[in-house]
Number of protein chains: 2
Amino acid sequence: MTTMDDVSRPSRVAAADEAISAEELQLAARNHGIPLEALRYDVTPAGLHYLLIHYDIPELDPAAHTLAVDGAVDRPLDLDLAALRERPRVSHKVTLECAGNGRALLHPRPVSQPWLVEAVGNAEWTGTPLAPLLREAGLSPDAVDVVFTGADHGVERGVEQDYQRALPVADALRDEVLLAYEMNGAPLLPQHGAPLRLIVPGWYGMAHVKWLRGVTVTTAPFEGYQNAVAYRLRRDADDPGVPVTRIEPRALVRPPGFPDFMSRTRVLRPGACLLDGRAWSGHAPVDAVEVTVDGGASWAPAELDPPTAGEWAWRRWRYAWTPEPGRYVLGARATDASGRSQPVAQPWNRGGFANNLVQRVEVVVLPE
Amino acid sequence: MTTMDDVSRPSRVAAADEAISAEELQLAARNHGIPLEALRYDVTPAGLHYLLIHYDIPELDPAAHTLAVDGAVDRPLDLDLAALRERPRVSHKVTLECAGNGRALLHPRPVSQPWLVEAVGNAEWTGTPLAPLLREAGLSPDAVDVVFTGADHGVERGVEQDYQRALPVADALRDEVLLAYEMNGAPLLPQHGAPLRLIVPGWYGMAHVKWLRGVTVTTAPFEGYQNAVAYRLRRDADDPGVPVTRIEPRALVRPPGFPDFMSRTRVLRPGACLLDGRAWSGHAPVDAVEVTVDGGASWAPAELDPPTAGEWAWRRWRYAWTPEPGRYVLGARATDASGRSQPVAQPWNRGGFANNLVQRVEVVVLPE
C-alpha cells in the first residue's frame, strides 16, 4: 500500500559529482532570487524580491481571515484584519534572506532549493507590533516560546504539517517584530503571505511566517519540524545541531557592464567603472565592505552610503574601479559591528544554511 | 587576447545523460515560472507571471523615455509616455507563454533557460494600439517588416545586441497589437518592460518586446539575431528552419491536494475532487480540453468555462474526479478551433521551442 513515506523522502546530500536533479530544478523554476541588477533599487520592487515557498501559496480571503492569539495567555484573542489595521501602525525597511542562500555552491551539495547567491530582497513592511498584542493577551510568566502558524499545508521529509515556526519569547517581544499587512505600501501579494505575515527583522526568512493565522504561547520549548528538524546547523544527520537564527553578514556586487545571455559573464569596455552593491547583517550594523577584483587574492575598502533606511535594511556601497582589458573575478565582503565577516572558503553544514561565502562575478574587459 | 568568443559560446544540445549545468541553474534562479497553484487566478497577480529576461532589466526613467517611430515612414515620430497615454486607450487580457516552455523536458535537452511547464501567465495589458500610430507616421507601401527595439543590451551566442524583434508588417498592423504601459491596472513593473512594451496577442513571449524604445519600418526582411538566428524551429544547427510565431495550444492542470516540499508530488485523500486548470492557444480559440488521470492512456472531456476574458486569454476548465487510493499521473490536452492539439510524445527541435507536450502531475491518493 502507498504511504506518505513513498511520497516524501528523507533529506540527503548529493554525491560528490552529482549534478542538479530534476527535483531541484523544479524548485528553482517556482522559487526565484532577485535578478542581481535589481540591487540598484533601495527598495526591491514587487516581483523582484526573492521567494521561497515550502508548499503552495494558500488561497485566503482577507475579509474572512482572522488571527488567533492563544496558548499560555490570560485572554485569548481573535482578530480580523480590520482590527489589526486599527492598532498602531509601523513601517520598517527590512532585508530578508533565505537561510539556504548559497546552498547549491556547497560541496557536497545538500539537496533542496538550489540557491546560488540571489535569495535576498529589501522591502518596506508595514503592520502592527506584536509585543503590545501579546501583552494585552496577558502573556504567562512561564512563557517559553511563541509559535507562529501559517495557512500553508504540505509534507516535508515525511512530516505532514502546516508551516509553523517558533521564536523564543524574548525574541518575539522585541519592538521591531511586526504583524505585517503591507509590503512597499500595498497590501501583501499572495506569494508574500497575504493577508498577514510575521516580520522578524534581522532573522533569516524561515522566521517570517507567511499567511499567518495563529500565535500560540507555549510553556515548553516548541518541538515542531521547522524548529527541531529543518532549520538547524548540523555537521551530519546525527548531529542535533544548533538553530538557524540571525542573518550572517553578506555583501553582493551589482554586476557591472552587460551580460552574456547564457553564462551571465559580464562584459565591460576599459575605463572608469563605479562598482556598487548592497551589504547587510542581522547581527549588527555593517560597518565595513571590502572589494576584490581578483577572486579574493587582494581586498580594498569600499565606501558605505549612510544607513538612512534604518538598522534592518541593507546599505549601499561603492567602489571606483578603472580596469584594463583582461579577466576579473569580483566580490565583496561585509563586516559588521559584532566583528562577523564573510569567508572566502565556506564552512559546510548538512542543510546548507547560513552560508555567506563571498560571491564571484566573472567579468571580461574587452579592448575598445 | 580575450575576445567576445571567449565570453559567449555557440548554442549546444546537452549530451544524452547530461544533467542540468551550473549555467542553466543560474538562468533558472533569475527567471521564473508561474507557481502552478497560481493557475487559480483569472488574472495572474504581480510577481507570479513568468519572466524570461535575456540580458539585464535596464534602468529607464519613465519621464525621459521616448519611442522613436522611423524607417520607411513619411513622418517619423518621437513620442513620450504622456503623448502615448493621450492616445486611445485599450485593454486586453492576454496569455503570454515563453517560446522555450518545456525545453528542459526534451531529450536531448537544448541548453538554454531550462523551463519545465510553468513559463506562462495571463495579465491585463493596457496601452494604445500600434496600427493607427504606424498609419499616422505614413507607412511606406513597400514596408516588409516592423522592427521593435528594446533598451536591454547584451551578448548572445557571440552577437552583441540590443534586443530586437521584427513582425511582418501585416502582423504589426493587426488591431490587437498594443504599445502597453500598464499591466493589471498599474504602471508596468521594471521586469515587465517599464515604461513601455509591445504586446502581440497570440504570439510567444519573444515577440512582446520589453523596454521598447524604437519602432522601425523596413523595406527588406529583418535579419537580426532574434529573428534570423534564435527563435527558429530547426532540426539541427545547419537547418535554416522556420520562424517561431504563434502559441501552440496547451492546457495545464492546477495541481490538486497538497505538495511534498521536495518532489512536488501531490497528496490527496480519497473522495470528490474538482480538478481544474487553464487552456490557451494563439492560433484559434480553445474549443475542447480532455483530462487524463493515467498518464495519457485514457482521456475524458473537461467542461470549459465561457470565454468571458476575450479571445487572447486562457480559459478555465473543470473536471470532476473521485479517486480511490493509489498513484495517478494527471494531465490535460487542449484542442483549438484550428484543429491543433497537444502531443503525448514531443516532436523535437534544436532550440527547444513551441513545445506543448502534455504535462505530468504525479498524485498519490492515500487511504483515510
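Lettering of chains follows the sequences in order, A, B, ..., and the numbering in each one begins at 1. The model shown is predicted, which means the values in this text are computed figures rather than measured ones.
- Heavy atoms of Glu160(B) lying under 4.5 Å from chain A belong exclusively to its side chain.
- For chain A, the nearby parts of Glu156(B) are the backbone and the side chain; heavy atoms of each come within less than 4.5 Å.
- The contact between Leu27(B) and chain A is made entirely by side chain atoms (from C-beta outward), counting heavy-atom distances below 4.5 Å.
- For Ser11(B), no part lies under 4.5 angstrom from a heavy atom of chain A.
- Among Thr2(A), Ile57(A), Leu51(A), Leu36(A), the residue with the largest count of heavy-atom pairs under 4.5 Å with chain B is Ile57(A).
- For the options His192(A), Arg269(A), Glu24(A), heavy-atom pairs under 4.5 Å to chain B are most numerous at Arg269(A).
- Ranked by heavy-atom pairs under 4.5 Å with chain A, the list Leu189(B), Ile20(B), Asp152(B), Leu105(B) is led by Ile20(B).
- Contacts with chain B were tallied for Val7(A), Thr265(A), Val267(A); Val7(A) has the most, counting heavy-atom pairs under 4.5 Å.
- Between chain A and the residues Glu23(B), Glu18(B), Glu118(B), the largest count of heavy-atom pairs under 4.5 Å involves Glu23(B).
- Looking only at distances, a side-chain donor or acceptor of Gln191(A) sits under 3.5 Å from a matching main-chain atom of Ala46(B).
- Contacts of Asp6(A) with chain B are made by both backbone and side-chain atoms, with heavy-atom separations under 4.5 Å.
- Contact annotation for Tyr50(B): neither backbone nor side-chain heavy atoms come within less than 4.5 Å of a heavy atom of chain A.
- A salt bridge (Lys or Arg N to Asp or Glu O under 4.0 Å) with Asp56(B) holds for exactly one of Arg266(A), Arg254(A), Arg40(A); it is Arg266(A).
- When the candidates Arg157(A), Gln26(A), Gln113(A), Arg327(A) are compared by the number of heavy-atom contacts under 4.5 Å with chain B, Gln26(A) comes out ahead.
- Between the NE2 atom of His32(A) and the CZ atom of Arg30(B) there is a distance of 12.0 Å, given to the nearest 0.5 Å.
- Interface remark: of the candidates Ser21(B), Ser8(B), Ala19(B), Ser8(B) forms the most heavy-atom pairs closer than 4.5 Å to chain A.
- The most heavy-atom pairs under 4.5 Å with chain B, out of Gly158(A), Gly326(A), Ala38(A), Gly154(A), come from Gly154(A).
- Interface residue Leu48(B): backbone and side-chain heavy atoms are both found under 4.5 Å from chain A.
- For residues 359-368 of chain B, a heavy-atom distance under 4.5 Å to chain A picks out Val364(B), Leu366(B), Pro367(B), given by residue number.
- Using a 4.5 Å heavy-atom threshold, the side chains of Glu59(A) and Glu37(B) count as separate.
- Of residues 255-262 of chain B, those residues lying under 4.5 Å from chain A by any heavy-atom pair are Gly257(B), Phe258(B), Pro259(B), Asp260(B), Phe261(B), Met262(B).
- Contact of Leu116(B) with chain A is made through the side chain alone, with heavy-atom distances under 4.5 Å.
- The side-chain heavy atoms of Ile53(A) and Pro35(B), taken from C-beta on, include no pair separated by under 4.5 Å.
- Of all the listed residues (Ala29(A), Pro45(A), Gly33(A)), the one sharing the greatest number of non-hydrogen pairs under 4.5 Å with chain B is Ala29(A).
- Using a 4.5 Å cut-off between heavy atoms, Val117(B) makes no contact with chain A at all.
- Highest contact tally toward chain A, considering only His54(B), His49(B), Arg264(B), Met4(B), is held by Arg264(B) [criterion: heavy-atom pairs under 4.5 Å].
- Neither the backbone nor the side chain of Pro325(A) comes within less than 4.5 Å of any heavy atom in chain B.
- Although no hydrogens or angles enter the test, the distance criterion places no donor-acceptor pair under 3.5 Å between the side chain of Arg9(A) and the main chain of Ser263(B).
- Shown here is Asp17(A), whose CG atom has no more than 12 heavy atoms of other residues, nucleotides or ligands within 6.0 Å.
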